[in-house]
Amino acid sequence: MGRVSTEPAPTPVPGPRSAGAATVLARSRADLAAALAESPAPRAVVMTMGALHEGHFDLVREAARRVGSTGTVVVTIFVNPLQFAPTEDLDAYPRDLEGDLAGLARTLTGVDGTLGVGRLIVFAPTPEVIYPCGQPAVRIDPGPIATVLEGRTRPTHFAGVCQVVLTLMHLTAPRWALFGRKDAQQLAIIESMVRDLAVPLEIVPVDIRRENDGLAMSSRNAYLSPEQRHQALALSRALQAGRDAAAQATGSRPDPVAIRQTALASLEAADGVEVDYVALVAPDSFEDLAGAGLGLPRSEPVGEDKEEGLPAVGLLAVAARVGTTRLIDNTLIDLRP
């Protein structure tokens with residue numbers, strides 16, 4: 001007797017679902033495969049957990065720019081249980097599929113009312129669709145980068161991220177996969193996975209989208225009260241303090257220790273903020289540039305000249321709790337003389 005499929009039936013959405021439909025909502029692997037088979041190349045994918053905001057829509061806009069008016073954009077919406085620890089907010093994570101679909105339509109529809117790409121496919125599976133046998137038997141090891149910063153706080157997180165990202169890459173088979181720079185450690189790990197496992201696509205980083213007051217957009221911002229949202233601005237202020245410290249080093253190479261200490265002091269002085277970490281690391285390897293023991297150890301031997309082997313650009317990364325909400329943010333720092 002064959003195995004009974006656990007994939008859900010196709011979910012009706014407004015508008016046509018025929019082969020010629022410009023927008024398709026797929027809930028099963030079969031739905032997705034059928035939609036992809038009918039869709040024009042080139043193809044780009046944006047992977048999300050839903051509760052879409054302008055930061056996500058920036059990724060979608062860049063995907064649309066790359067595929068052009070005749071290509072295909074795939075947006076995946078999946079709250080991945082493997083990247084949540086038992087104590088984290090899996091059940092409480094915001095979900096609004098109807099609002100997400102409306103936001104995608106607004107983002108990609110031109111003033112003439114037509115879709116700006118050849119086809120938009122929204123893949124919104126259940127966990128049973130992504131992991132049909134329950135817990136996957138074969139797991140992805142995200143490597144050493146996953147053991148520091150976010151990985152130290154959330155030791156199983158990046159393994160779960162890699163598991164679902166690689167699965168979705170195989171299911172959607174895109175030319176481009178777009179990821180935001182806000183999750184800088186995730187971006188570095190995914191880039192390493194694609195390189196080391198020879199996944200045939202290009203990773204496209206997209207800059208952080210911020211509110212007018214500097215707060216980095218995040219689905220978790222919805223958890224913040226008005227007072228907490230104001231307190232959360234301390235993260236972006238700390239990053240600005242670090243950039244200012246680097247800019248003041250005129251005529252010499254900026255001091256990574258001073259940059260980190262300045263940002264840390266700014267964040268520690270903020271009311272209502274519990275600091276998790278402030279780190280200055282290499283953006284690709286996550287090697288610690290400030291000697292704080294937060295990133296990975298420097299691979300280059302350091303002699304009397306402590307500036308030896310420093311990269312041209314560092315990543316200043318911060319994490320803190322505001323109320324019960326844990327927030328992250330980062331910025332790139334020019335370390336050239």
Side-chain angles (χ1 to χ4, degrees), residues 55 83-85 87-89 92-93 145-158 161 180-189 208-211 213-248 254-283 285-298 313-333 335:
Q83 65 194 71
F84 287 79
T87 58
E88 292 180 333
D89 55 354
Y93 196 86
I145 298 178
T147 64
V148 298
L149 301 188
E150 290 301 293
R152 182 175 297 175
T153 303
R154 310 174 70 190
T156 63
H157 174 69
F158 289 117
V161 169
R181 292 190 184 277
K182 179 173 173 291
D183 295 308
Q185 194 169 1
Q186 170 182 281
L187 174 62
I189 290 170
I208 298 171
R209 169 63 81 104
R210 297 184 180 278
E211 304 283 0
D213 56 10
L215 183 67
M217 289 190 177
S218 169
S219 299
R220 287 190 167 90
N221 290 349
Y223 300 157
L224 299 171
S225 69
E227 180 184 7
Q228 290 168 344
R229 192 197 175 288
H230 180 73
Q231 292 168 335
L233 296 176
L235 277 75
S236 57
R237 286 199 303 267
L239 296 177
Q240 184 60 55
R243 287 193 296 268
D244 291 344
Q248 290 168 7
D255 179 6
V257 175
I259 293 169
R260 175 186 173 271
Q261 289 290 355
T262 300
L264 177 61
S266 174
L267 196 58
E268 287 182 331
D271 292 333
V273 176
E274 180 185 346
V275 180
D276 187 342
Y277 62 75
V278 175
L280 185 64
V281 298
S285 67
F286 271 65
E287 292 181 354
D288 196 326
L289 303 181
L294 294 170
L296 293 173
R298 293 274 299 279
V313 177
L315 178 78
L316 181 61
V318 300
R321 288 190 180 276
V322 180
T324 60
T325 305
R326 188 172 181 277
L327 301 173
I328 61 172
D329 202 350
N330 69 81
T331 190
L332 295 173
I333 301 283
L335 297 177

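Fair warning: this is a prediction, and the values are worked out from it, not measured in the lab.
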Residue pair D288, R260: steps toward the salt bridge (Lys or Arg N to Asp or Glu O under 4.0 Å) verdict: CA-CA 11 Å; D288 196 326; R260 175 186 173 271; over 6 Å; no
If you compare all heavy atoms of [X] against all heavy atoms of [Y], which two are closest, and at what distance to 0.1 Å?
| X | Y | answer |
| --- | --- | --- |
| L289 | P256 | O-CB, 3.2 Å |
| Y223 | Y93 | OH-CA, 3.3 Å |
| G295 | V281 | CA-CG1, 4.1 Å |
| D329 | L239 | CG-CD1, 3.5 Å |
| L149 | A279 | CD2-CB, 3.7 Å |

Quick check for you: to the nearest 0.5 Å, what is the distance between [X] atom [atom1] and [Y] atom [atom2]?
| X | Y | atom1 | atom2 | value |
| --- | --- | --- | --- | --- |
| Q83 | E88 | CD | CD | 9.0 Å |
| I208 | S218 | CD1 | OG | 11.0 Å |
| I189 | F286 | CD1 | CZ | 7.5 Å |
| L316 | T262 | CG | OG1 | 10.0 Å |

So, [X] and [Y]: side-chain donor and acceptor under 3.5 Å apart, yes or no?
| X | Y | result |
| --- | --- | --- |
| E150 | Y277 | yes |
| R237 | Q240 | no |
| S236 | R210 | no |

Partners meeting side chain to side chain donor-acceptor pair (under 3.5 Å) with D276 (sequence neighbours left out): T153, R326
Close side-chain approach of [X] to [Y], heavy-atom, < 4.5 Å:
| X | Y | answer |
| --- | --- | --- |
| L332 | L315 | yes |
| V322 | L224 | yes |
| R229 | N221 | no |
| I259 | P254 | yes |
| L327 | V318 | no |

Check: V148 main-chain N/O paired with Q185 side-chain donor or acceptor under 3.5 Å: yes
